[in-house]
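In what follows, a single structure is set out as structure tokens and then discussed.
Just so we're clear, the structure is a prediction, and the values are computed from it rather than from any experiment. All values below come from the heavy atoms of this structure, side chains included, with hydrogens, waters and symmetry mates left out.
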Amino acid sequence: MHNYLDFEKPVADLEGQILELKKIEGEDDAVDVHEEIARLETRSQDALAALYQKLSPWQKTQVARHPDRPHCSDYVKRLITDFVPLAGDRYYAEDYAIIAGFGRFDGEPVAVIGQEKGNDTQTRLKHNFGMARPEGYRKAVRIMEMAERFDIPVLTLVDTAGAYPGIGAEERGQAEAIARSIETCLGLTVPLVSLVIGEGGSGGAIAIATANRVFMLEHAIYSVISPEAGASILWRDATRARDVAQAMKITAQDLKEFGIIDAIVEEPIGGAHRDPETTIDRAAEHIRQGLSELLALDGLGRKRERREKFLAIGRNL
């Protein structure tokens with residue numbers, strides 16, 4: 001059984017009936033229900049496709065946050081061979097919200113930096129729900145500087161509601177750490193490719209997504225602030241998050257139109273959580289193409305292109 005979102009209730013009902021019929025089918029001397037199962041499966045697929053063709057921004061936000069959606073660690077396991085994680089920022093501590101290290105993509109060396117939310121209570125607490133502290137961003141800077149030194153491309157995987165807003169993080173220089181990470185991204189001469197796989201929240205996301213190529217999954221979101229926080233600021237009412245999501249233009253389709261991202265990675269019908277392997281393989285094609293285009297440029301060309309890309313955002317809006 002899937003974890004169904006509120007708007008998926010029609011599909012949940014149909015798939016529940018299918019499961020019940022399959023139980024009956026497996027019993028001895030059961031009546032033949034094969035045709036009825038096939039009919040319900042067709043109806044379920046059609047209903048799912050119809051729902052996902054017209055998702056609202058708030059519904060996309062719910063899909064982007066789905067607990068079964070593939071996370072950074074899933075992408076690393078499927079795409080990166082010989083991965084060696086590195087820990088610590090060499091200043092204060094290790095931050096498990098950010099996974100960083102070196103491995104091989106298609107047999108070639110690559111540095112990987114990604115935000116990991118965790119997939120159960122224990123791992124979510126360990127990774128702080130993907131919300132990094134200053135030491136996480138300083139670790140990211142350390143990895144990017146190593147990649148620059150050894151001329152290794154950088155791949156970043158973005159999935160965070162935002163940087164951690166706790167008192168300790170602010171005391172240790174959260175804003176400065178994010179700014180330094182953005183500055184490091186802009187200064188790289190090696191290829192830098194980013195993929196927004198779930199939530200791209202505020203400075204917590206842009207800190208590792210100031211890239212030559214920014215790709216985004218079809219039902220991911222990317223915003224300056226979470227819809228709930230925006231509603232709290234505007235109306236002191238977080239329940240109006242649906243209205244803010246609509247107004248902020250946070251979907252991949254809107255951001256592609258504005259030129260903020262470069263391409264959209266198509267998800268399977270029903271979202272990435274219904275077929276993680278296919279989703280990750282489709283993302284790999286975009287990453288592969290992006291790296292190929294960037295490797296054809298020289299280092300100064302990549303750095304210049306990246307800076308011009310971000311300076312141009314908003315000029316034609």
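Listed for the Gln174 side chain is a donor-acceptor partner under 3.5 Å among the backbone atoms of Tyr164. Under a 3.5 Å cut-off, the side chain of Glu8 and the backbone N or O of Leu5 do form a donor-acceptor pair. When atom types are taken as modelled, the side chain of Asp95 and the backbone of Ala97 share a donor-acceptor pair closer than 3.5 angstrom. Between the side chain of Thr251 and the backbone N or O of Pro57 there is no donor-acceptor pair closer than 3.5 Å. Side-chain N or O atoms of His127 include one that pairs as donor or acceptor with a backbone N or O of Tyr96 at under 3.5 Å. For the pair Thr156 (side chain) and Ile208 (backbone), a donor-acceptor distance under 3.5 Å is present. Between the side chain of Ser232 and the main chain of Glu228, a donor-acceptor pair closer than 3.5 Å is present. Judged purely by atom type and a 3.5 angstrom limit, Ser223 uses its side chain to pair as donor or acceptor with the backbone of Ile225.
Side-chain contact annotation: Thr189 with Glu148, donor-acceptor N/O pair under 3.5 Å present. Counting only N and O atoms by type, the side chains of Glu116 and Tyr75 include no donor and acceptor under 3.5 Å apart. In the model, Thr279 has no side-chain atom that pairs as donor or acceptor with a side-chain atom of Glu267 under 3.5 Å. Between the side chains of Lys60 and His219, a donor-acceptor pair is found at a separation under 3.5 Å. Thr278 and Asp281 share no donor-acceptor pair across their side chains, judged by distance under 3.5 Å alone. With 3.5 Å as the limit, one finds no donor-acceptor pair spanning the side chains of Asn212 and Arg302. Between the side chains of Gln289 and Glu285, no donor N or O sits under 3.5 Å from an acceptor N or O.
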Report task. Verify salt bridge (Lys or Arg N to Asp or Glu O under 4.0 Å) between Asp237 and Arg240, making sure each step is shown before the conclusion. Result -> CA-CA 6 Å; Asp237 183 2; Arg240 295 190 64 178; 5.3 Å; no

Requested in this report: Applying salt bridge (Lys or Arg N to Asp or Glu O under 4.0 Å), run through Arg142 and Glu94 and close with a yes or a no.
Outcome: CA-CA 12 Å; Arg142 183 167 77 90; Glu94 163 66 341; over 6 Å; no

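The residues Glu308 and Lys303 are annotated as not salt-bridged, no charged nitrogen and carboxylate oxygen being separated by less than 4.0 angstrom. With respect to the salt-bridge test (charged N to carboxylate O, under 4.0 angstrom), the residues Asp74 and Arg78 do not qualify. Classification of Arg288 and Glu108 as a salt-bridged pair fails, no side-chain N sitting under 4.0 Å from a carboxylate O. Ionic pairing of Glu145 and Arg149 is not present here: no N-O contact between side-chain nitrogen and carboxylate oxygen is shorter than 4.0 angstrom. Salt bridge Arg69/Glu218: absent, no basic N to carboxylate O contact under 4.0 Å. By the 4.0 Å N-to-carboxylate-O rule, Lys309 lies close enough to Asp262 to be salt-bridged with it.
The shortest side-chain heavy-atom distance between Leu192 and Pro153 does not fall under the 4.5 Å cut-off. Put simply, the side chain of Phe7 reaches to within 4.5 Å of the side chain of Tyr52, judged on heavy atoms. Proximity of Met216 to Val265: side-chain heavy atoms (C-beta onward) are nowhere separated by under 4.5 Å. Residues Ile99 and Cys72 have side chains in contact (heavy-atom distance under 4.5 Å, counting atoms from C-beta outward). For the pair Arg138/Arg180, no side-chain contact is recorded, criterion being any heavy-atom separation below 4.5 Å from C-beta on. Side-chain contact between Val112 and Phe102 is absent, with no heavy atoms from C-beta onward closer than 4.5 Å.
The aromatic rings of His66 and His273 sit parallel to each other, their planes meeting at less than 30°, with 60° as the upper class boundary.
One hydrophobic cluster, built from ILVMFWY side chains closer than 4.5 Å, cannot hold both Ile197 and Phe129; they sit in different ones. In terms of hydrophobic clustering, with Ile, Leu, Val, Met, Phe, Trp and Tyr side chains grouped at heavy-atom distances under 4.5 Å, Leu217 and Val196 are assigned to different clusters.
Surrounding CZ of Arg242 are at most 12 heavy atoms belonging to other residues, nucleotides or ligands under 6.0 Å away.
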